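Notes follow the structure.
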Amino acid sequence: MVKDLFERIQENKGPLGKWASQAEGYYVFPKLEGELGPRMQFHGKNILNWSLNDYLGLANHPEVRKADTDAAIQFGAAYPMGARMMSGHTTYHEQLENELAEFVMKESAYLLNFGYQGMVSIIDALVTKNDIIVYDVDSHACIIDGVRLHMGKRFTYKHNDLESMEKNLQRATKMAEETGGGILFITEGVFGMRGQQGKLKEIAELKKKYNFRLLVDDAHGFGTLGKTGAGAGEEQGVQNQIDVYFSTFAKSMANIGAFVAADKSVIDYLKYNLRSQMFAKALPMIQTIGSLKRLELLRQSSAIKDKLWENVNALQNGLKEKGFNIGDTNTCITPVYLEGSIPEAMVMVNDLRENYGIFLSIVVYPVIPKGIILLRMIPTASHTLADIEETLTAFEAIREKLTNGTYKEIAERTTVDVS
């Protein structure tokens with residue numbers, strides 16, 4: 001008997017979906033309203049926002065807003081119409097690619113409509129069934145989904161663990177010798193949950209012993225790390241050892257889109273083999289021209305990045321001085337690790353939002369181990385030192401309520417009111 005395809009969906013909502021009745025609209029799928037920035041509206045209240053990926057505060061920069069507006073007036077939202085290979089190619093796309101390649105110190109670059117689908121397609125295009133993939137177990141979902149498309153062998157190594165990297169490179173080398181294929185090594189410049197940089201310098205050293213190509217997802221490093229803002233590779237002095245460099249516009253550029261950069265021969269190949277771009281409409285002119293302005297500001301104004309890091313250091317040092325565990329982040333991403341259950345976490349975040357006016361991202365199992373609550377903050381150049389002091393005071397208060405059992409007691413006797 002053939003089962004109804006939807007029967008499983010009705011019975012098993014998934015590890016996050018089972019919380020939907022309590023969480024949706026408040027803890028997940030929240031609606032932040034008003035002008036983008038550190039102060040926004042949530043459920044009709046003013047909140048201090050630590051969940052905005054606008055690292056450099058470019059979303060509301062007057063020159064950026066003007067560039068976006070002018071592009072919309074001149075071209076509208078539809079232009080260019082069609083995939084770039086067929087009818088959607090423009091000189092603006094080429095200009096942005098050339099400037100991005102120069103900025104990240106690569107020979108060539110290619111624009112992508114979205115970071116997620118772009119990374120999935122890059123992995124799919126770079127490998128055949130004879131090739132082996134080695135990647136970090138904590139890789140972003142776009143990398144994992146790209147690897148899922150791979151018809152050949154793949155190995156994961158323990159997060160940022162050099163011994164595990166080498167062990168799996170040895171396994172991959174042996175297998176590639178049997179299949180006649182090559183090895184693609186994938187890591188992130190910055191891991192978006194914990195805030196750690198990938199060990200790019202050490203991975204580059206492994207190239208001297210093993211024959212592999214290195215693909216780096218630097219979504220959180222681009223614009224925030226390195227002397228010029230070229231990312232984690234520049235920060236660690238190994239940008240030239242990254243064979244394929246990828247970043248999205250959704251973080252430092254406060255925009256939609258992404259790009260991949262590499263030697264010209266690699267980019268020429270990807271242009272004709274990236275299915276997610278070959279069969280998709282070109283990046284609209286609003287995003288393309290807007291990104292040119294954002295990149296110009298990135299190149300010309302180091303003060304923006306300096307302000308970002310002033311805020312990052314103030315927040316992270318303040319948390320450490322007050323005894324909070326922020327792990328070993330060495331980037332802008334600021335995680336705070338606490339111990340507690342999912343119901344306690346929900347009560348705590350409700351308290352933060354309703355009584356302290358602070359909005360941030362909460363991460364719980366299955367993304368992180370059971371019994372751990374991760375409060376993830378994204379400092380930006382738009383935040384102020386007063387915002388940071390307000391947050392540190394609130395964090396001391398909620399930690400006391402968590403440790404003395406207040407949140408546990410509330411969680412056990414009530415359902416959090418998120419109406």
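One is the number of the first residue; the rest follow in order along the sequence. As the structure is a prediction and not an experimental result, all values here were calculated from the model.
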Mind listing the closest non-hydrogen atom pair of [X] and [Y] along with its distance?
X	Y	result
Asp243	Lys207	OD2-NZ, 2.6 Å
Ala262	Lys106	N-CB, 3.9 Å
Gly231	Tyr245	CA-OH, 4.1 Å
Gly195	Thr331	O-OG1, 2.6 Å
Asp351	Tyr407	OD2-OH, 2.7 Å
Gly88	His93	O-CE1, 4.2 Å

Can you check whether [X] reaches [Y] side chain to side chain, under 4.5 Å on heavy atoms?
X	Y	result
Leu297	Leu58	yes
Leu308	Cys332	yes
Met81	Lys281	yes

Exercise for the section: Please list all pairs passing the salt bridge (Lys or Arg N to Asp or Glu O under 4.0 Å) test where one or both residues lie in residues 48-59, with sequence neighbours left out. Expected result: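 Every pair satisfying salt bridge (Lys or Arg N to Asp or Glu O under 4.0 Å) with a residue in residues 48-59: there are none.
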
Going by atom types alone, do [X] and [Y] pair a side-chain donor with an acceptor below 3.5 Å?
X	Y	answer
Ser361	Ser51	yes
Thr91	Glu94	no
Ser108	Glu97	no
Tyr79	Gln74	no
Asn46	Arg39	no
Glu163	Tyr157	no
His159	Gln196	yes
Thr384	Asp387	yes

Are [X] and [Y] within salt-bridge range, i.e. N to O under 4.0 Å?
X	Y	value
Arg148	Asp145	yes
Glu177	Arg171	no
Glu24	Lys31	no

Practice task
Would you mind telling me which of Phe259, Tyr55, Phe246, Phe249 makes a ring pair (Phe, Tyr, Trp, His ring centres under 6.0 Å) with Phe222?
Solution key: Phe259

Nearest 0.5 Å, what's the [atom1]-[atom2] distance between [X] and [Y]?
X	Y	atom1	atom2	value
Asn113	Gln277	CG	CD	4.5 Å
Leu338	Arg399	CG	CZ	8.5 Å
Lys251	Asn53	NZ	CG	5.0 Å
Leu184	Thr128	CG	OG1	11.0 Å

Practice task
May I have the step-by-step check of side chain to side chain contact (heavy atoms under 4.5 Å, CB included) for Ile183 and Asp131, ending in yes or no?
Solution key: CA-CA 6 Å; Ile183 300 171; Asp131 300 318; over 6 Å; no

Handout entry: Cationic tip of Arg299 above Phe103 ring, under 6.0 Å, 45° of axis
Key = no

Practice task
Using the six-membered ring of Tyr135, assess whether NZ or CZ of Arg154 lies under 6.0 Å from its centre and within 45 degrees of the ring axis.
Solution key: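 No, Arg154 does not sit over the ring of Tyr135.
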
Exercise for the section: Please assess Lys227 against Glu235 for the test salt bridge (charged side-chain N to carboxylate O under 4.0 Å, His left out), listing each intermediate value before the final yes or no. Expected result: CA-CA 7 Å; Lys227 182 179 180 180; Glu235 178 81 9; over 6 Å; no

Problem - Name of the residue among Val363, Thr334, Ile326, Val349 meeting side chain to side chain contact (heavy atoms under 4.5 Å, CB included) with Leu375 - result: Val349

Exercise for the section: Please say which of Thr329, Asn330, Asp218 ends up in a side chain to side chain contact (heavy atoms under 4.5 Å, CB included) with Gln197. Expected result: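 Of all the options given, the one that passes is Asn330.
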
Handout entry: Stepwise side chain to side chain contact (heavy atoms under 4.5 Å, CB included) test for Leu100 and Leu295
Key = CA-CA 8 Å; Leu100 285 165; Leu295 186 58; 3.9 Å; yes

Exercise for the section: Taking the six-membered ring for Trp and the single ring otherwise, decide whether the centroids of His140 and Phe191 are under 6.0 Å apart. Expected result: no

Exercise for the section: Kindly say whether the aromatic ring centers of His43 and Tyr26 come within a distance under 6.0 Å. Expected result: yes

Exercise for the section: Go through Glu188 and Asp136 one step at a time and tell me if the side chain to side chain contact (heavy atoms under 4.5 Å, CB included) criterion holds. Expected result: CA-CA 8 Å; Glu188 297 191 45; Asp136 193 296; over 6 Å; no

Practice task
Fit a plane to each ring of Phe212 and Phe185, take the angle between them on a 0 to 90° scale, and name the class: parallel (under 30°), tilted (30 to 60°) or perpendicular (over 60°).
Solution key: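 Phe212 vs Phe185 ring planes: tilted.
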
